[in-house]
Amino acid sequence: MARHVITPRSRTFPRLRPRAAALGAVALSLVLAGTGCSGAGTASPTAAGAAPKAAPVVSGPLCDLLPSGSDPGNPAALAGQPAEVALQWLPVLTTFEAAVRASGMSADLHGGSGMTILAPTDDAFAAKFSEDDLDRLLLADRDALRGLLREHLVAGSRSLSDLVAAGKVTTLAGTTVTVTGGGGSARLADQADTVCADYQVAGARIHIINHVLGSLPTTGGPGGHRAH
């Protein structure tokens, strides 16, 4: 009997937001580019044969809607995975993950001393950019895309409590981001909130946030659909 292998692209989760014309041909082309390779890095991240470890604890209001328990992509299964692989298993980060691949910045997510990744949700990208502007970033303006991603990367693998204790951090783009809060969530730059924080991956921490940081103009929202 043929064995069905679950991959990040084949698993299903509850729809977390309407996806009407979400990345369109852009997402399709990037997915095909990623899956057209040998398949390395997309197998289900499990710890077969390894001794059980204490499950990493993630916190935030969105965590209940993300993979947990024995689901593929749960926090324990992602521990030790390269950041660019772990991102593929988080169903609310498809735009951010596509941006990482389109920019060629996968290696930047590791860093010499680790990296803190502030990853905006798909909803955050839809609120920030119109579909046309997002297509332009992903397909045509690599420099602007890399600059945007650097606004969401901080040198050093820092937990949420580390960020709050520091009070502010400097992104790879050179922007100073204030951090306030506690109790399982934090406010960044008085704009974004962490909605599921403290994914521990190889050499990095991933904190999912609900707002896109940086100085690029906002063109998304209700009027940000594709021009006709």
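Just so you know, these numbers use all the heavy atoms, side chains as well, and skip hydrogens, waters and symmetry mates. Computed from a predicted model, the values in this text were never measured in an experiment. Nothing fancy with the numbering, it's 1 onward along the sequence.
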Using atom types as modelled and distance alone, determine if a side-chain donor or acceptor of Arg205 lies under 3.5 Å from a backbone N or O of Tyr199.
no
Show, in sequence, the C-alpha distance, side-chain angles and deciding distance for Arg146 and Asp143, and conclude whether the salt bridge (Lys or Arg N to Asp or Glu O under 4.0 Å) test is met.
CA-CA 5 Å; Arg146 291 174 70 89; Asp143 288 342; 5.7 Å; no
Which class fits the ring pair His152 and Phe96: parallel under 30°, tilted 30 to 60°, perpendicular over 60°?
perpendicular
So, for Pro67 and Pro75, which heavy atoms are closest and what is the spacing to 0.1 Å?
O-CD, 3.5 Å
Indicate the atoms forming the closest heavy-atom contact of Leu118 with Pro120, along with that distance.
O-CD, 3.3 Å
What pair of heavy atoms forms the shortest contact from Leu93 to Ala119, and how long is it?
CD2-O, 3.7 Å
To check you understand the geometry: which heavy-atom pair defines the closest contact between Ala76 and Pro56, and what is its length?
CA-CD, 3.5 Å
Given the options Leu138, Leu148, Thr218, Phe129 meets side chain to side chain contact (heavy atoms under 4.5 Å, CB included) only with Leu148
Would Val164 end up clustered with Ile209 when hydrophobic side chains under 4.5 Å apart are linked, directly or stepwise?
yes
Kindly give the heavy-atom pair with the smallest separation between Val201 and Ala86, and that separation in Å.
CG1-CB, 3.5 Å
Donor-acceptor contact below 3.5 Å, side chain Thr116 vs main chain Arg158:
yes
Find out if a path of hydrophobic residues (ILVMFWY) with successive side-chain heavy-atom gaps under 4.5 Å connects Leu65 to Val57.
no
Extract all donor-acceptor atom pairs below 3.5 Å that involve side chains of residues 190-197 and protein atoms in other chains or at least two apart in sequence.
from: Asp193; atom 1: OD1; to: Arg187; atom 2: NH1; distance (Å): 3.3
from: Asp193; atom 1: OD2; to: Arg187; atom 2: NH1; distance (Å): 2.8
from: Thr194; atom 1: OG1; to: Ala186; atom 2: N; distance (Å): 2.9

Supply the atom-to-atom distance Ser159 OG to Gln200 CD, rounded to the nearest 0.5 angstrom.
8.5 Å
Point-to-point distance, once rounded to the nearest 0.5 Å, from CD1 of Ile208 to CD1 of Ile117
11.0 Å
Is there a path from Phe125 to Leu213 through hydrophobic residues (I, L, V, M, F, W, Y) whose side chains come within less than 4.5 Å of each other?
no
Would a single hydrophobic cluster contain both Leu134 and Leu87, if residues Ile, Leu, Val, Met, Phe, Trp and Tyr are joined by side-chain heavy-atom contacts under 4.5 Å?
yes
Counting only N and O atoms by type, is there a donor-acceptor contact under 3.5 Å from the side chain of Asp133 to the main-chain atoms of Ser130?
no
Atom CZ of Arg150 and atom CG of Asp108: how far apart are they, to the nearest 0.5 Å?
6.5 Å
Quick one: CZ on Arg136 to CG on Leu145, what's the gap to the nearest 0.5 Å?
13.0 Å
Keeping the roles fixed (side chain from Thr175, backbone from Thr171), state whether a donor-acceptor pair exists under 3.5 Å.
no
Rounded distance [0.5 Å steps], NE2 in His207 versus OG in Ser59:
9.0 Å
Backbone N or O of Ala77 within a donor-acceptor pair of the Asn74 side chain at under 3.5 Å?
yes
So which atom in Ala102 and which in Arg142 form the shortest heavy-atom distance, rounded to 0.1 Å?
O-NE, 4.2 Å
In the structure I gave you, are the side-chain heavy atoms of Met115 and Leu172 within less than 4.5 Å of one another anywhere?
yes
Would you say Asp122's side chain and Thr95's backbone share a donor-acceptor pair under 3.5 angstrom?
yes
Tell me, please, which residues at least two apart from Ser106 pass side chain to side chain contact (heavy atoms under 4.5 Å, CB included).
Glu84, Val100
Distance (rounded to the nearest 0.5 Å) between Arg101 CZ and Gln88 CD
6.5 Å
Between Thr121 (side chain) and Asn210 (backbone), is there a donor-acceptor pair under 3.5 Å?
no
Val58-Val179 co-clustered via ILVMFWY side chain contacts under 4.5 Å:
no
